[in-house]
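Just so you know, these numbers use all the heavy atoms, side chains as well, and skip hydrogens, waters and symmetry mates. Predicted model, so just to flag it, every value in this text is computed and none were measured.
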There are 2 protein chains.
Amino acid sequence: MIHSKKTTKRDWVGSAGSHDHRVCIVDALDKAAALCSQRGARLTQIRRRVLELIWSNHRPIGAYSILEVLKKERTNAAPPTVYRALDFLLKQGLVHRIQSQNAFIGCPNPDPNLQHTGTFLICTDCGNAVELEETKIDRLLEISASNQGFVIESRTIEAAGLCTDCQVN
Amino acid sequence: MIHSKKTTKRDWVGSAGSHDHRVCIVDALDKAAALCSQRGARLTQIRRRVLELIWSNHRPIGAYSILEVLKKERTNAAPPTVYRALDFLLKQGLVHRIQSQNAFIGCPNPDPNLQHTGTFLICTDCGNAVELEETKIDRLLEISASNQGFVIESRTIEAAGLCTDCQVN
DNA sequence: TTATTAATTGTTATAGTATAACATTTATGA
DNA sequence: TCATAAATGTTATACTATAACAATTAATAA
Ligand SMILES: [Zn+2]
Ligand SMILES: [Zn+2]
Ligand SMILES: [Zn+2]
Ligand SMILES: [Zn+2]
């Protein structure tokens, strides 16, 4: 089963309330296939499967957690198997790296052209991470940087705290 | 010798031009001593030395690089020696962790009361990292978060790119 | 001072994250 | 089909971080 119907505290509930996560997964895989095809990049079986595993839920997942599952399906799976797939997915902008956790999360809105860097709200209780569209913060950071003569190439913005659901208790 | 006089490309040059880094070190150690004393926290020899090593320059330094030096001075030095010192220094807000590098850097302006989280510009060429005072970005991030009902407890903001000096070439 | 307790450091082992290097297989296009 | 490039297999190892328990040192009370 892809998704349990029973909603526990550790399941993800978006700002618009509970959701059918199967849609998230299908959506992400469809977008990935389209983007890769358009770019002439090969979304191989391994890469696709790794992306799917990353999209198991909305919590960042570590490389070795992915490997654990992958091993059950491919006797050959080893660390490089996963890290190579991750490198590909990162380069294609299909997943983001969560630096504060050495973990990876799917990008819900991969850029057709560039690979953007995301801004994340990460709940310390349920573990879910939400990616924000934060052009304002990006621009402000860019300005602060240019005041120092610094030219930004990529950024990591990760906020840890409590999501709506987890504040209740 | 603490600091070479010859300024190479890999030396740090602040926005106000080249500087005497010995002042940075003395300053940092003095502030640390004052803060710890004020808090009743013990800045032991090891902790002080680790802080000093972190302040060797303005580049984030890894725990095992610190260990390498420390070992020459204390036969006993082992990973926990360094990580415990780092834990202390982090808790006292005297150093920051650079998540994107699994490395540590001294805080030039430790908060007397709280331990703040820094905003960093990190040069991909020379490796130097500058900490910004970015209340505006923090506030903007806070607003974006609260729009989602999210309450931030800590943040990681790290921008990678080229500093003024390193753009020239 | 001395005994008691708490904090720090020593020591060994191991967990967790990531990449190097080279061999083999699979896909692609001439 | 053959040559080439891309992807995957395979083994080993480097790098980062913590667990667990012992020994030592510092702080505090008796
Ligand atoms: Zn979902
Ligand atoms: Zn939560
Ligand atoms: Zn300096
Ligand atoms: Zn630079």
Side-chain angles (χ1 to χ4, degrees), chain A residues 32-33 36-54 59-92 94-105 127 156 158, chain B residues 32-33 36-54 59-92 94-105 127 156 158:
Chain A
C36 286
S37 154
Q38 170 192 321
R39 290 169 180 166
R42 291 172 50 202
L43 187 65
T44 63
Q45 226 182 4
I46 295 180
R47 291 163 175 175
R48 196 191 125 93
R49 181 62 178 135
V50 168
L51 180 59
E52 192 178 30
L53 289 175
I54 289 174
R59 292 190 287 275
I61 184 173
Y64 280 78
S65 297
I66 295 170
L67 179 57
E68 215 175 306
V69 180
L70 211 59
K71 265 183 170 165
K72 294 175 189 165
E73 305 166 359
R74 308 188 138 249
T75 333
N76 293 331
T81 316
V82 173
Y83 280 102
R84 283 165 180 160
L86 287 171
D87 283 347
F88 173 86
L89 296 171
L90 286 166
K91 198 184 294 179
Q92 298 299 327
L94 299 171
V95 311
H96 292 295
R97 184 188 172 81
I98 300 296
Q99 303 280 13
S100 56
Q101 296 184 13
N102 292 329
F104 305 86
I105 191 166
T156 294
E158 297 169 17
Chain B
C36 286
S37 154
Q38 172 190 322
R39 291 168 179 166
R42 289 171 53 203
L43 188 63
T44 62
Q45 227 182 3
I46 295 180
R47 291 165 176 174
R48 197 190 125 95
R49 181 62 178 138
V50 168
L51 180 59
E52 191 178 29
L53 290 174
I54 290 174
R59 293 190 286 276
I61 184 173
Y64 280 78
S65 298
I66 296 170
L67 179 57
E68 216 175 305
V69 180
L70 211 58
K71 264 183 171 165
K72 293 173 188 164
E73 306 166 357
R74 310 189 137 247
T75 334
N76 292 331
T81 314
V82 174
Y83 280 102
R84 284 165 181 161
L86 287 171
D87 283 347
F88 173 85
L89 296 170
L90 285 166
K91 197 183 294 182
Q92 297 299 326
L94 299 171
V95 312
H96 292 294
R97 182 188 175 84
I98 301 296
Q99 302 280 12
S100 56
Q101 296 183 14
N102 291 329
F104 305 86
I105 191 166
T156 294
E158 297 170 18

message = If I take atom CZ in residue A:Arg39 and atom P in nucleotide D:dA6, what distance separates them, rounded to the nearest angstrom?
response = 18 Å
key: Whole-Å distance separating the CG atom of A:Leu67 from the P atom of C:dT19   = 14 Å
task = To the nearest 0.5 Å, tell me how far B:Arg49 CZ sits from B:Ile46 CD1.
result = 12.0 Å
remark   = Side-chain atoms of A:Pro79 come closest, of C:dT19, C:dT8, D:dT18, to C:dT19
request  = Mind calculating the distance between CD1 (B:Ile98) and C1' (D:dC15) to the nearest angstrom?
outcome  = 18 Å
message = Distance check needed: C:dT9 P versus B:Glu73 CD, whole Å only.
response = 15 Å
key: Most 5' of A:Pro80 and A:Gly62 on DNA chain C, judged by nearest nucleotide   = A:Gly62
message = Between C1' on D:dT16 and CG on B:Leu86, what's the gap in Å once rounded to a whole number?
response = 12 Å
task = Give a yes or no answer on whether the side chain of B:Gln99 reaches the backbone of B:Thr156 with a donor-acceptor pair at less than 3.5 Å.
result = no
query = Looking only at heavy atoms, which two atoms of B:Ile105 and B:Arg59 are closest? And how far apart?
reply = CD1-C, 4.5 Å
message = Can you confirm whether more than 12 heavy atoms, excluding those of A:Gln45, are under 6.0 Å from its CD atom?
response = no
key: Side-chain N or O of B:Arg47 closer than 4.0 Å to phosphate OP1/OP2 of C:dT9   = yes
ask   = Rounded to whole angstroms, how far apart are CZ on B:Arg74 and C1' on C:dT11?
value = 14 Å
ask   = Can you find a side chain N or O atom of A:Asn76 that sits less than 4.0 Å from OP1 or OP2 on D:dT8?
value = no
ask   = Hey, does the side chain of A:Asn102 come within less than 4.0 Å of C:dA18's phosphate (OP1/OP2), counting only N and O?
value = yes
key: side-chain N/O B:Tyr64 vs D:dT16 OP1/OP2, d < 4.0 Å   = no
note = Between B:Gln45 and A:Phe104, the residue closer to the 5' end of DNA chain C by nearest nucleotide is B:Gln45
query = Short question: side chain of A:Arg74, backbone of A:Thr81 - any donor-acceptor pair under 3.5 Å?
reply = no
inquiry  = Just to be sure I understand the rule, does A:Arg48 reach a base, reach only the sugar-phosphate, or reach nothing, if contact means heavy atoms closer than 4.0 Å?
reply    = nothing
ask   = Reckon A:Arg84 touches a base, only the sugar-phosphate, or nothing at all at heavy-atom distances under 4.0 Å?
value = base
query = Considering heavy-atom distances to DNA chain D, does B:Gln101 or A:Ile46 have its closest nucleotide positioned more toward the 5' end?
reply = A:Ile46
task = Look at the side chain of B:Ala78 and decide which nucleotide, out of D:dA17, C:dT19, C:dT12, has an atom nearest to it.
result = C:dT12
task = Could you state the atom-to-atom distance from CG of B:Asp87 to P of D:dT16 in whole Å?
result = 16 Å
message = Just to verify, which of B:Ile61, B:Val82, B:Leu53, B:Val50 counts as forming a side-chain contact (heavy atoms from CB on, under 4.5 Å) with B:Val69?
response = B:Leu53
note = To the nearest angstrom, the CG-P distance between A:Leu70 and D:dT10 comes to 13 Å
request  = Output yes when at least one side-chain N/O atom of B:Arg97 is less than 4.0 Å from OP1 or OP2 of D:dA17, else no.
outcome  = yes
query = Has B:Tyr83 got a side-chain N or O lying under 4.0 Å from the OP1 or OP2 atom of D:dT18?
reply = no
